[in-house]
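The structure under discussion appears below in the form of structure tokens.
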Amino acid sequence: MLFELREVTYSYERQTALNQLNLSIAQGSRVALLGANGSGKSTLLRMLDSLCFPQAGSVHFQGAELTEERFADDAFAFAFRRQVGLVFQNPDVQLFNPTVFDEVAFSPLQLRWPKAEIRERVDEILNRMRIRHLKDRVPHRLSGGEKKRVALASVLVLDPAVLLLDEPTAGLDPRSQSQLIDLLVDWAGGVKSVITATHDLADLADIADRCFILDSGRLAATGPPEEILRDRELLERTNLVHAHRHRHASGKVHSHPHMHSSEDL
Amino acid sequence: MKWGHGRHRGGFIEHTIDALYGAMERFLYAENTARGGGFLQRIDPRVKVGGLLSLILAVALITRVWAIAAILVVAIALAMASLISLGELAARVWLPTLPFTAVVAIPAIFLTPGHVIWRLPVLDLPVTAQGIHSAARLILRVETAVTLVLLLVLSTPWTHVLKALRIFRVPVVFVVILGMTCRYILLLLETAHELFESRKSRTVGAMTAGERRRIAVANAGVLLGRTFQLSNDVYLAMQSRGFRGEVYLLDDFEMRRWDWAALLSFAGVALLSIWLGR
Ligand SMILES: Nc1ncnc2c1ncn2[C@@H]1O[C@H](COP(=O)(O)OP(=O)(O)OP(=O)(O)O)[C@@H](O)[C@H]1O
Ligand SMILES: [Mg+2]
């Protein structure tokens with residue numbers, strides 16, 4: 001197992017964000033975290049990235065428990081940071097360097113890669129993300145979509161085995177959105193694991209082979225995307241679809257099987 | 001500049017926030033000048049930090065007005081050699097700092113005992129030669145020191161300043177705090193500005209100065225809370241990307257013959273002015 005959470009509880013001062021959560025994520029899987037606003041997706045991702053630790057229960061990463069004490073050790077922390085990368089929901093918090101180039105070079109520098117290798121690698125990733133032209137710009141003055149790409153590049157540069165994404169396509173124009181999805185599909189080709197928090201049901205099947213639905217910090221359901229998308233009652237109960245707008249989906253399929261094919265075509 | 005000057009007539013608080021934001025942003029992201037090919041941009045950041053700080057120290061130590069003025073001339077020459085426009089210096093440093101310094105300096109004109117050269121009519125306050133002298137010295141000192149700081153800021157990416165401070169054995173914690181403080185202040189000002197803008201877009205018609213002040217006070221709590229939240233997230237994002245407190249940069253600092261020459265000149269000017277100008 002890549003990640004294993006047992007009875008994990010995490011609260012902010014007044015708000016319980018994760019409530020006795022149990023879930024396991026297999027190595028090499030592509031997982032989508034679904035859930036309404038405030039259901040705890042971002043908190044869960046931060047916990048998987050060991051930026052916060054459970055107040056009750058435990059998180060295991062490849063068999064080792066993640067605790068604050070473990071992270072006091074440089075060697076352990078570096079090994080973990082090398083393998084796991086998180087792209088934040090709000091790109092503004094992730095961009096703090098004077099130029100885009102420095103931004104992308106930040107992680108490998110902290111992990112003390114050889115400098116020649118860093119330059120090469122940064123160039124490569126800038127090209128791949130199609131942000132070469134932004135190289136000398138100030139990250140904090142880019143457009144929202146450009147910021148998202150830079151934030152993603154600054155994590156992908158390490159080529160992490162586990163990629164945690166917090167709403168990566170939110171705020172992107174449709175073209176960039178589909179480019180990004182393509183990139184992630186390619187990326188996940190190998191042994192890599194990708195865990196994506198999203199509200200976007202349209203691309204679900206492309207980015208995930210397993211979904212977890214969170215509801216008020218608890219696991220409401222889990223299953224492959226097709227199954228989840230078909231469970232209309234579940235989606236409505238967890239506020240993932242608006243009943244009115246999704247009238248044409250599975251709801252009608254049961255009562256009018258003929259409509260199904262005609263609608264799909 | 002992202003937002004600007006003269007677009008609307010705001011109150012004192014807004015103007016101050018605008019000005020501070022501009023200055024902070026310049027410091028953190030001095031993109032145009034920092035990588036340009038001027039004199040200061042080409043010398044090693046350690047030499048630059050050490051050299052300019054020693055000039056600031058000299059300005060603080062020397063008492064003769066002509067010696068301080070000489071350092072100001074050196075600073076202006078450095079600015080010109082570094083392609084930093086004097087207009088910008090005037091607009092960003094000399095004029096804005098003048099009123100603040102004047103508040104402190106003007107009483108000295110009347111309060112310093114000495115040879116009375118003139119009496120202020122009506123109030124009948126004595127103006128002494130010594131008073132004018134010390135007020136001039138204070139203003140000159142502040143303007144010179146601020147100019148030197150700005151030269152550093154405008155010619156050096158802030159990550160280089162941080163790294164150079166580390167080389168001067170400034171403790172890691174302090175450098176991290178300084179780095180975070182800069183980000184924090186920028187976020188605070190940014191948030192403040194956004195708050196003002198969103199208020200304004202929701203308010204029909206002009207606000208009076210009093211209304212603006214009330215909004216500013218009412219929002220201070222929200223502002224601090226939100227900024228704290230954001231800067232906490234920034235810190236988490238840094239950690240997530242492997243930051244453990246030490247600053248690593250792509251650019252290696254390397255002393256060339258040029259840098260040694262610059263180091264010697266800085267030291268020479270600082271020592272000479274302290275020796276002659278005390
Ligand atoms: N820093 C914080 N301080 C206090 N409460 C917080 C904080 N961050 C999140 N919360 C609360 O914890 C709960 C879970 O938040 P979280 O950000 O994990 O939700 P989310 O599923 O990512 O939502 P969204 O879809 O809006 O991004 C929410 O009720 C939120 O109000
Ligand atoms: Mg979230």
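Letters A, B, ... mirror the listed sequences (proteins, then strands); counts begin at 1.
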What part of [X] lies closer than 4.5 angstrom to a heavy atom of chain B: side chain, backbone, both or neither?
X	result
Phe80(A)	neither
Asp74(A)	both
Arg46(A)	side chain
Ser50(A)	neither
Leu86(A)	both
Ala116(A)	neither

Do NZ/NE/NH1/NH2 and the carboxylate oxygens of [X] and [Y] come within less than 4.0 Å?
X	Y	answer
Lys147(A)	Glu103(A)	no
Asp123(A)	Arg132(A)	yes
Lys192(A)	Asp159(A)	yes

Glu120(A) CD: over 12 foreign heavy atoms closer than 6.0 Å = no

Find the distance between CZ (Arg241(B)) and CD (Gln110(A)) and round it off to the nearest 0.5 Å.
-> 9.0 Å

